[in-house]
Amino acid sequence: MWRDKTVLAISIGVFAAYIGSSMVVPVRVLFVEQEGASLAVIGAMASAFLLSNFIFQYPMGWLADRWGRKRLMVAGLLWQAVVSLLYLVIADPLLFVLLRFVEGIASATMLPPARALIADRTAPEKRGEAYGLFNAFFNATWLLGPGIGSGLAVFGYQYVFIGAFVARILAVLVVMLLISEAPQSHSQTAETRRRVTARELLSLPLLGAYVLVFGDYLWLGFDQTLFPIWMHDNLGASVGLIGLTYIVWGLPTTLLSPVGGRIADRVRRSTTILIFGVAQIPIYLMYGLLSVAWPMLLLGFAHAGIYALMQPSVDSHVAASTVNEIRGRVQGVYSSIGLAGAFVGANGFSLLYEADFRLPLFVMGVTFGLCVLVGGLMVRKSEERGLVVGVMGLQRR
């Protein structure tokens, strides 16, 4: 798969884009807190981002099908670059909420078209490996970005946002120069303009994926709202250690995602999802038992490795559950459901955190486990009914 220039170019483009995002993650909450934002404002920022990202996922997926995957990615990256600099000129903390809403719209322009492009350009029997490579590059941003951001923060938080601007401009150049998109034929263009039915978007295979991604994104809601505060205030972590936890997460996901991709092409995806999904449940529960920060490095390393072996199976299952002409819209719905989980996590876990800082982790572990079991069994049922393709010949077209 390393020889597939299209998949490699898409992966490099997303890597460049998300370096900018991951640089800011360890310091955004601390920066706005320094600027006078309360915990309520910080929670509202996360909610605004997740809400707008949720609302605009499907419209951006439709636009990717209609206007073009590459064009949408370039426009979104330029938008994100501008937003990076706007953080530095805001004086009223409440305006951070509006800025995060705008940033959420821009963020919706990246992953759905990128994932759809990979599915467009790879054969079903190779998609697990393709998504494994893609996930390796994506997760490498967490290996490098937080470390870069934490290093820049030593000189001042403002340098982190300037660095994010530069990274996104570089990503624009990578996407424009390296990614090629085959022109659509007349019949394909007509197909993208047809109305997509609810049955196509809510088939059994996709419903299983939606349940899985809802549970998966609960962590994102916690991460966007509470993770830095939990690490800093309750576990005693420094900004540098917070950044290191992201780096530790990025290392095994970068190295093992290609392995997970090869497994996804050789083993029933539902089997991989259930085994490695269930294996994550006790780690979530152990997070809730922590009183100091350093064990997060060990637990996060183990968690990331298990997650990397599961996720390519989910991605390739989604790609195998739909057709090319509406793939952007399906990816948009898939991302929207995930963001709904993140929204629930951001708001629900904030309430639980005020009662006891351990409660969000315990509830997240239980909820994630239920989603893995329900979603994984739905994927298994869809495989048995022959509704998806590309898993050891077990499915028929």
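Just so you know, these numbers use all the heavy atoms, side chains as well, and skip hydrogens, waters and symmetry mates.
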Item to check | Donor-acceptor under 3.5 Å (Tyr131 side chain, Arg115 main chain) | outcome: yes

Item to check | Intermediate values then yes/no, side-chain contact (heavy atoms from CB on, under 4.5 Å), Leu218 and Phe222 | outcome: CA-CA 7 Å; Leu218 290 170; Phe222 179 80; over 6 Å; no

Checklist entry - What's the verdict on side-chain contact (heavy atoms from CB on, under 4.5 Å) for Arg69 and Ile179, showing C-alpha distance, side-chain angles and the deciding distance? => result CA-CA 10 Å; Arg69 328 273 200 222; Ile179 296 178; over 6 Å; no

Next on the checklist: Please check this pair: side chain of Ser335 against backbone of Gly332, looking for a donor-acceptor N/O pair closer than 3.5 Å.
Outcome noted: no

Next on the checklist: To the nearest 0.5 Å, what is the distance between CH2 on Trp294 and CG on Leu235?
Outcome noted: 12.0 Å

Checklist outcome for this item: All heavy atoms of Val174 vs all of Ala16, minimum pair found to be CG2-CB, 4.4 Å

Checklist entry - Any side-chain heavy atom of Phe349 sitting closer than 4.5 Å to one from Leu352? => result yes

Next on the checklist: I'd like to know if the side chain of Asn53 reaches the main chain of Ser107, judged simply by a donor and an acceptor atom lying under 3.5 Å from each other, with no hydrogens or angles considered.
Outcome noted: no

Checklist entry - Is there a chain of hydrophobic side chains (I, L, V, M, F, W, Y, each step under 4.5 Å between heavy atoms) that links Val314 to Leu204? => result yes

Next on the checklist: Any non-hydrogen side-chain atom of Phe368 less than 4.5 Å from a side-chain atom of Trp219?
Outcome noted: no

Next on the checklist: Same cluster or not: Phe49 versus Ile90, using hydrophobic residues (I, L, V, M, F, W, Y) connected whenever any side-chain heavy atoms lie under 4.5 Å apart?
Outcome noted: yes

Item to check | Closest heavy-atom pair and its distance - Ile273, Ser313 | outcome: CG1-CB, 4.0 Å

Next on the checklist: Donor-acceptor pair, distance only, cut-off 3.5 Å: does the side chain of Arg168 make one with the backbone of Leu78?
Outcome noted: no

Next on the checklist: Among Ile148, Ile162, Val166, which residue satisfies the side chain to side chain contact (heavy atoms under 4.5 Å, CB included) criterion with Met23?
Outcome noted: Ile148

Checklist entry - Donor-acceptor pair, Asn139 side chain versus Asn135 backbone, under 3.5 Å? => result yes

Next on the checklist: Working to the nearest 0.5 angstrom, can you tell me the gap between Tyr58 OH and Leu201 CG?
Outcome noted: 5.5 Å

Next on the checklist: I'd like to check Pro228 versus Arg28 (side-chain heavy atoms, cut-off strictly below 4.5 Å). Are they in contact?
Outcome noted: no

Checklist entry - So among Leu8, Ile10, Val7, Val14, which one has a side chain to side chain contact (heavy atoms under 4.5 Å, CB included) with Phe137? => result Leu8

Checklist entry - OG of Ser150 to CG of Leu244: how many Å apart, nearest 0.5 Å? => result 8.5 Å

Next on the checklist: Determine whether Ser316 and Arg127 satisfy the following criterion, side chain to side chain donor-acceptor pair (under 3.5 Å), listing intermediate values before the conclusion.
Outcome noted: CA-CA 6 Å; Ser316 53; Arg127 283 183 185 145; over 6 Å; no

Checklist entry - Does some side-chain heavy atom of Phe138 sit less than 4.5 Å from a side-chain heavy atom of Phe15? => result no

Next on the checklist: Assigning hydrophobic clusters by single linkage (Ile, Leu, Val, Met, Phe, Trp, Tyr; side-chain heavy-atom cutoff under 4.5 Å), is Leu212 placed with Leu370?
Outcome noted: no

Checklist entry - Between Thr272 and Arg266, is a side chain to side chain donor-acceptor pair (under 3.5 Å) present by the stated rule, with each step listed? => result CA-CA 10 Å; Thr272 306; Arg266 292 165 174 78; over 6 Å; no

Checklist entry - Hey, mind stepping through Val213 and Val318 against side-chain contact (heavy atoms from CB on, under 4.5 Å) and telling me if it holds? => result CA-CA 11 Å; Val213 76; Val318 175; over 6 Å; no

Item to check | Nearest heavy atoms of Val41 and Pro93, plus distance in Å | outcome: CG1-O, 3.7 Å

Next on the checklist: Any side-chain to backbone donor/acceptor pair from Ser382 onto Val379? Under 3.5 Å, distance only.
Outcome noted: yes

Checklist entry - Do the rings of Phe31 and Phe161 sit parallel, tilted or perpendicular, given the 30° and 60° boundaries? => result tilted

Checklist entry - Are the side chains of Tyr87 and Arg100 in touch, meaning some heavy atoms are under 4.5 Å apart? => result yes

Checklist entry - Is there side-chain contact between Ile283 and Ile306, with heavy atoms separated by less than 4.5 Å? => result yes

Next on the checklist: Parallel, tilted or perpendicular: which one describes the rings of His303 and Tyr287, with boundaries at 30° and 60°?
Outcome noted: tilted

Checklist entry - Short question: side chain of Thr109, backbone of Met73 - any donor-acceptor pair under 3.5 Å? => result no

Checklist entry - Where do Ala119 and Arg327 come nearest, in terms of heavy atoms and distance? => result CB-CD, 3.0 Å

Item to check | Inter-residue atom distance Ile337.CD1 - Asp216.CG, 0.5 Å rounding | outcome: 13.5 Å

Checklist entry - Should we count OH of Tyr159 as having more than 12 external heavy atoms under 6.0 Å? => result no

Checklist entry - Do you know which two heavy atoms are closest between Ile242 and Ala237, and how far apart they sit? => result CG1-CB, 4.0 Å

Checklist entry - Under 3.5 Å, side chain of His317 to main-chain N/O of Pro205, donor-acceptor pair present? => result yes

Next on the checklist: I need the minimum non-hydrogen distance between Ala81 and Ile169, along with the two atoms involved.
Outcome noted: CB-CD1, 3.9 Å

Checklist entry - Any side-chain heavy atom of Leu206 within less than 4.5 Å of one from Tyr210? => result yes

Item to check | Met364-Val366 co-clustered via ILVMFWY side chain contacts under 4.5 Å | outcome: no

Next on the checklist: Using side-chain heavy atoms (C-beta onward) and a distance below 4.5 Å, is Ile281 in contact with Val372?
Outcome noted: no

Item to check | Criterion side-chain contact (heavy atoms from CB on, under 4.5 Å) on Leu285 and Phe362, from CA distance to verdict | outcome: CA-CA 5 Å; Leu285 301 179; Phe362 294 144; 4.3 Å; yes

Checklist entry - Is Leu297 reachable from Val292 through a run of I, L, V, M, F, W or Y residues, each pair having side-chain heavy atoms under 4.5 Å apart? => result no

Next on the checklist: Donor-acceptor check, side chain of Glu383 to backbone of Arg269, threshold 3.5 angstrom: yes or no?
Outcome noted: yes

Next on the checklist: Treating Arg329 as the side-chain partner and Trp62 as the backbone partner, does any N or O pair qualify as donor plus acceptor under 3.5 Å?
Outcome noted: no

Checklist entry - Angle class for the Tyr307/Trp249 ring planes (parallel below 30°, perpendicular above 60°, tilted otherwise)? => result tilted

